[in-house]
Number of protein chains: 2
Amino acid sequence: MTETRVPIPTLERLAIYLRVLLDAHEAGIQTLSSQEIEQHSGISAAQFRKDLSYFGEFGKPGVGYSVPGLIQCIERILRLDEEQPILLVGAGNIGSALVGYPNFQAHRLRIAAVFDNNFVKIGRPFGDLVIQDIARIKEVNAEIGARLGIIAVPAHAAQEVADLLVEAGVTGILNFAPTILRVPKHVHVRNVSFLQELAVLSYHATEDALCVNGQATRGGKDGV
Amino acid sequence: MTETRVPIPTLERLAIYLRVLLDAHEAGIQTLSSQEIEQHSGISAAQFRKDLSYFGEFGKPGVGYSVPGLIQCIERILRLDEEQPILLVGAGNIGSALVGYPNFQAHRLRIAAVFDNNFVKIGRPFGDLVIQDIARIKEVNAEIGARLGIIAVPAHAAQEVADLLVEAGVTGILNFAPTILRVPKHVHVRNVSFLQELAVLSYHATEDALCVNGQATRGGKDGV
DNA sequence: GCGAGATTGTGAACGGTTTCACAAATCACG
DNA sequence: CGTGATTTGTGAAACCGTTCACAATCTCGC
Ligand SMILES: NC(=O)c1ccc[n+]([C@@H]2O[C@H](COP(=O)([O-])OP(=O)(O)OC[C@H]3O[C@@H](n4cnc5c(N)ncnc54)[C@H](O)[C@@H]3O)[C@@H](O)[C@H]2O)c1
Ligand SMILES: NC(=O)c1ccc[n+]([C@@H]2O[C@H](COP(=O)([O-])OP(=O)(O)OC[C@H]3O[C@@H](n4cnc5c(N)ncnc54)[C@H](O)[C@@H]3O)[C@@H](O)[C@H]2O)c1
């Protein structure tokens, strides 16, 4: 366990392990081996052990891992051991699905405030919250102190909103808009793109890797 | 351009290039160099060229790439050159956001039918569609012939729905439920997990890689 | 037509992640 | 207490994707 940087895929899998562990805990299971984790997560036992090794030693040889113990450890690693407030910007379709999503709570993620710039929407209730003016976001987050933000506004407004989030003190942004965001180095962005996912599936769904060559290069005069 | 398998990251980026190209096309730009693509996509010029090289040669040395030409090529590669019908299962929050999403159209992705098992919902309008009984999914898809499906039902029902989708002839599944799905080898699954994304951000948002060791292993008698 | 300048396509080097394989640790049980 | 069965943690190897660097290709202007 040297002081290496943790691979992002490892962090992503940590969240999966956590889900498996929470399920097992619910089912009253006390101990799980890496082998059993593999069964439930689809991630290889060796991968699981290697992933954990970035953070320390959590299992007992010959036995496995204490379910409640490991839950606590992974939660601490991911900073999900205490409530994590989140700023949501964009009270539209996606925002609507998010505010009502109960599973966030299990991970102590809480949407603490919702913002929009539509005067018709501002002041309206939205889930348990009231939609606030995006102009007040910095002021409001001075109270809340959220480090995470979600962008659920149209693409043309996303960069502007990102800037406001950063200015309000956010250092992690989940972006639903189909744009690449320019942010300072200390801010992390993760993009969610259903279109991208569907495009990959679309490619695979038709299983013949036809080569599409000879069309563009020899397109003649129309191109360039 | 040997007969190598295309890396998944390459396919994901293809969708990003396509977006950039469509934007450029809209702006009336006729030609783009890999250098310029890098500007707009945040993906390195070398990466872009390497990605395309899996499929053929699409650019002209000294000039760049024909925007409309490359759009056509990438669309063909991703099978987005003709309309791609999709089956949506689960007429809830997520499903609701999806049916109303206009950007799908630009990629010729069309949600062709919506299914649910809630008798109260079946028969109701949902976007432009009418919610249908999940029991009829195979029958309905015999007409539609969709190869793509979206699962937007609670986790406990996801596997069951996946089985139905596969039986109905779907070979690509976009899964919003937090579960790993067991599917035949010829079926591709991509999971969308907001929680996972937020967990990764949560880790990075607090920038001190404290080591959480010595808690689980020496937990004493409580564990195992 | 030709030389200067620009840009592509790609083999090779590189770097990072996953897989492998095994020594060390723990437990069960006689 | 010792033996055998089990499972962890981790260095090393294998694998895969990204970056590099440059020959080949094309355009433009003279
Ligand atoms: N709906 C989907 O299924 C879906 C799928 C994939 C991606 N997306 C993306 O997610 C984003 C949101 O989608 P949606 O369907 O919820 O859109 P929406 O139009 O339903 O909601 C967008 C909201 O953002 C608000 N807004 C606009 N500009 C703003 C600004 N400058 N500051 C604050 N608020 C502002 C609008 O008032 C509106 O309430 C879009 O970028 C969309 O492309 C949506
Ligand atoms: N809402 C969110 O923000 C969010 C975020 C991340 C993940 N998810 C996941 O996405 C999925 C859908 O979430 P949601 O908020 O839309 O849920 P929802 O409860 O609003 O909708 C689920 C729908 O599925 C239907 N359904 C249930 N069992 C079914 C079955 N066997 N066959 C057909 N339909 C069935 C229900 O009748 C309901 O209409 C869930 O797995 C959820 O965990 C949701």
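Lettering follows sequence order; numbering is per chain, from 1.
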Item to complete: Rounded off to whole Å, could you give me the NZ-to-C1' distance for the B/Lys60 and C/dG5 pair?
Response: 18 Å
Worksheet item: For B/Glu57 and C/dG11, what is the distance between atoms CD and P respectively, to the nearest whole Å?
Response: 11 Å
Worksheet item: Does any non-hydrogen side-chain atom of B/Phe58 lie less than 4.5 Å from one of B/Ile74?
Response: no
Worksheet item: What's the CD-P distance between B/Gln47 and C/dA13, to the nearest Å?
Response: 19 Å
Worksheet item: What integer distance in Å separates A/Tyr65:OH from C/dT26:P?
Response: 13 Å
Practice prompt. Could you please name the option among D/dC26, C/dT10, C/dC20 that lies closest to any side-chain atom of B/Lys50?
Written response: C/dT10
Worksheet item: Do A/Leu18 and A/Leu14 have side chains that get closer than 4.5 Å, going by heavy atoms?
Response: no
Fill in: From C/dT8, C/dT18, D/dG17, nucleotide with atom closest to B/Ser34 side chain
C/dT8
Worksheet item: Rounded to the nearest Å, what distance is computed from the CZ atom of residue A/Arg49 to the P atom of nucleotide C/dT19?
Response: 12 Å
Worksheet item: Between D/dT19, C/dT19, D/dT7, which nucleotide has the shortest distance from any of its atoms to the side chain of A/Pro61?
Response: D/dT7
Worksheet item: Relative to each other, are the rings of A/His188 and B/His204 parallel, tilted or perpendicular (30° and 60° limits)?
Response: parallel
Item to complete: Could you tell me the separation between the CD atom of B/Glu38 and the C1' atom of D/dC20, rounded to a whole number of Å?
Response: 13 Å
